[in-house]
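Below, read A as the first sequence line, B as the second, and so on, with proteins coming before strands; counting in each chain starts at 1. The structure presented is a predicted model; accordingly, all values stated were derived computationally and were not measured.
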Protein chains: 2
Amino acid sequence: MPTRRTPKPQTSKPRGRRQTSEARPYHHGDLRRVLIDAALQLAAEGAEVSVREAARRAAVSPGAPFRHFSNRDALMAAVAEEAQRRFRVEIEAALADVPPADPLARFRAFGLAYVRWAMRNPAHFEIISTGRYFAHGSSAELTHDNSELVALTERMLAEAAAQGLLRSADLKRVQIAGRALVYGFARMNLDGHFPRWDVAEGEIERMAEGVIDLFIAGIAKP
Amino acid sequence: MPTRRTPKPQTSKPRGRRQTSEARPYHHGDLRRVLIDAALQLAAEGAEVSVREAARRAAVSPGAPFRHFSNRDALMAAVAEEAQRRFRVEIEAALADVPPADPLARFRAFGLAYVRWAMRNPAHFEIISTGRYFAHGSSAELTHDNSELVALTERMLAEAAAQGLLRSADLKRVQIAGRALVYGFARMNLDGHFPRWDVAEGEIERMAEGVIDLFIAGIAKP
DNA sequence: CCAATATGTAATCATCGATTACATTTGGCG
DNA sequence: CGCCAAATGTAATCGATGATTACATATTGG
């Protein structure tokens, strides 16, 4: 019988109807949301995300989560959805500072923001990367946030091509190469490759910058 | 009492001493090896690799594997070691066909062989990529095979620089960018990204080729 | 030959995902 | 208001897994 935090034996009377912040009216306020947050936090702590531990943190029985998620993957899909949303928000925020007229600068900023978020939220990045939760949860939100980011770089490259800045006319190829580069870099960090490459923790972000600049120099018309 | 294949009640007498291929002399011939192979096969089948299932396939009790591997991660580390060895062998075989005098052609061939192996052995590639088993098993072999591959591209780029073929003098940056590119591409495939990019199964290898060529054109002196 | 060691077995634990039967709360409808 | 159905939570339980322990058997070297 492990860890039961909140005793909650008292207060068996009902309390108002549907207030948001109140003293846990026996029926949980919004368990679904709380479970997603708990799972996000678990991941951020580097722990395994288990349904039971999320339930424990929500001070709820082990079976309760299954009222809101048909199985673990469904919970993880919801977690992925939230993480993907945050990811997109941060990328778009980073792009707000860059002049719309300079598509390659925007492309660069996108790549940097991408890698930075991945480095600072490794567990969340892994969850949205795995693709496992695209299949199972099939959330429209998740797919949408993701394709928005794809469309973003697509527009940048189209604009760059229109301005005659690119060496190659095969934009899709350039786009996928760019994505593979930043995804690969982010995953190398996530998967612990950099120690083997003699890249110290503190140098990784600078290295990301260098690598992205190298790539952009390579695709830009000389 | 699930699935017990080999009856083996007979033959209770000892049989020669240390022959390799014989009729299972009660004490398993080389359980360690058999467990690694079973785990490799499980992974290749797309199944979860569990210690128990490996034991089942070796027709051995659930506790037996722990005589050879202190825990599941130790088994996985051994699996990673074997997969990494095969990976290295295949890459080096692919390079045997390319003239030593053309470092960029070799660099290209390396990248292609890298992505191809990853595509054809996705589960094994994932195991050697995760980096989780570098830490736990800390096998010298694994580390060695890996750094051999790193050294390989390092030499190629040094040679290319010596021949004046490269735009950038920062070879480490070029090397890491190239690795991030192929690793990212391989993982995009592994993680199921390409359907979202409208790249059909059959087009992926060609796309890999295009992406690698694009990268090499970018780093080569015009 | 025999005893120390290596290797395998049986039994057992704790944890986890998942399901089922039951309890309680909530909200809508007469 | 009062009651009933739906929503939501609990308790108990299942089967699978990683792991440990006590015990059994085979191998091998002195």
Side-chain angles (χ1 to χ4, degrees), chain A residues 1-20 22-35 38-39 42 47-77 79 132 136, chain B residues 1-4 6-9 11-20 22-35 38-39 42 47-77 79 132 136:
Chain A
M1 210 169 294
T3 353
R4 179 68 28 115
R5 274 91 64 93
T6 345
K8 70 167 161 40
Q10 67 328 17
T11 353
S12 53
K13 288 301 136 201
R15 299 288 213 96
R17 53 212 66 184
R18 275 283 157 225
Q19 300 289 21
T20 20
E22 203 157 9
R24 199 75 41 80
Y26 200 100
H27 265 209
H28 219 285
D30 183 359
L31 182 54
R32 184 189 155 84
R33 181 71 226 167
V34 172
L35 288 170
L42 275 174
E48 288 289 308
V49 178
S50 80
V51 177
R52 295 178 97 97
E53 181 59 27
R56 244 171 249 130
R57 299 214 173 176
V60 107
S61 81
F66 293 93
R67 292 286 178 197
H68 299 271
F69 304 99
S70 60
N71 53 36
R72 181 182 180 278
D73 274 8
L75 168 59
M76 293 308 289
V79 169
R132 188 170 165 200
H136 207 280
Chain B
M1 208 169 297
T3 351
R4 178 68 27 115
T6 345
K8 69 171 164 41
T11 352
S12 54
K13 288 303 139 200
R15 298 290 211 97
R17 52 216 64 183
R18 275 286 155 222
Q19 301 290 20
T20 21
E22 204 155 10
R24 201 75 42 80
Y26 200 100
H27 265 212
H28 219 285
D30 185 357
L31 182 54
R32 184 187 154 83
R33 182 69 226 170
V34 172
L35 288 170
L42 274 174
E48 288 288 308
V49 178
S50 81
V51 177
R52 294 178 99 97
E53 181 59 27
R56 242 171 252 129
R57 299 213 172 176
V60 109
S61 81
F66 293 93
R67 292 287 178 194
H68 299 272
F69 304 99
S70 60
N71 53 37
R72 180 180 181 279
D73 274 8
L75 168 59
M76 294 308 289
V79 169
R132 189 171 165 197
H136 208 279

Pairs under 3.5 angstrom, nitrogen or oxygen only, protein versus nucleotides 12-17 of chain D, please.
from, atom 1, to, atom 2, distance (Å)
D/dT17, OP2, B/R56, NH2, 2.7

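- Considering only the side chain of A/R67, D/dT10 comes nearest among C/dT9, D/dT10, C/dT19.
- Distance from the side chain of B/N71 is smallest for D/dA19 among the nucleotides D/dT10, C/dT19, D/dA19.
- Atom-to-atom, CG of A/L35 to C1' of D/dG9 comes out at 12 Å; the value is rounded to the nearest Å.
- Among residues two or more places apart in sequence or in another chain, the side-chain contact (heavy atoms from CB on, under 4.5 Å) test is passed with A/V34 by A/H28, A/A58.
- Looking only at distances, no side-chain donor or acceptor of A/R67 sits under 3.5 Å from a matching main-chain atom of A/L31.
- The CZ atom of A/R132 sits 4.5 Å away from atom CG of A/D73, with the distance rounded to the nearest 0.5 Å.
- Atoms CZ (B/F69) and P (C/dT7) sit 12 Å apart, rounded to a whole Å.
- Under 4.0 angstrom from either OP1 or OP2 of D/dA7 there lies no side-chain N or O belonging to A/H68.
- D/dA19 atom C1' lies 14 Å from atom CG of B/L75, rounded to whole Å.
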Watson-Crick or G-U pairs under 3.5 Å in DNA chain D, rendered as dot-bracket with [ ] for crossing pairs and | for another strand: ||||||||||||||||||||||||||||||

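- To the nearest 0.5 angstrom, B/L42 atom CG is 4.0 Å from B/R57 atom CZ.
- The salt bridge (Lys or Arg N to Asp or Glu O under 4.0 Å) test applied to A/R33 returns A/D37, A/E82, not counting sequence neighbours.
- One distance of note links OG of B/S61 with CZ of B/R52; it measures 9.5 Å at 0.5 Å rounding.
- Take A/R32 and apply the side-chain contact (heavy atoms from CB on, under 4.5 Å) test, not counting sequence neighbours, and it matches A/D30, A/I36, A/H68, A/F69, A/A78.
- Between the CZ atom of B/F66 and the P atom of D/dG18 there is a distance of 7 Å, given to the nearest Å.
- Counting only heavy atoms from C-beta outward, the side chains of A/V51 and A/P62 never approach each other to under 4.5 Å.
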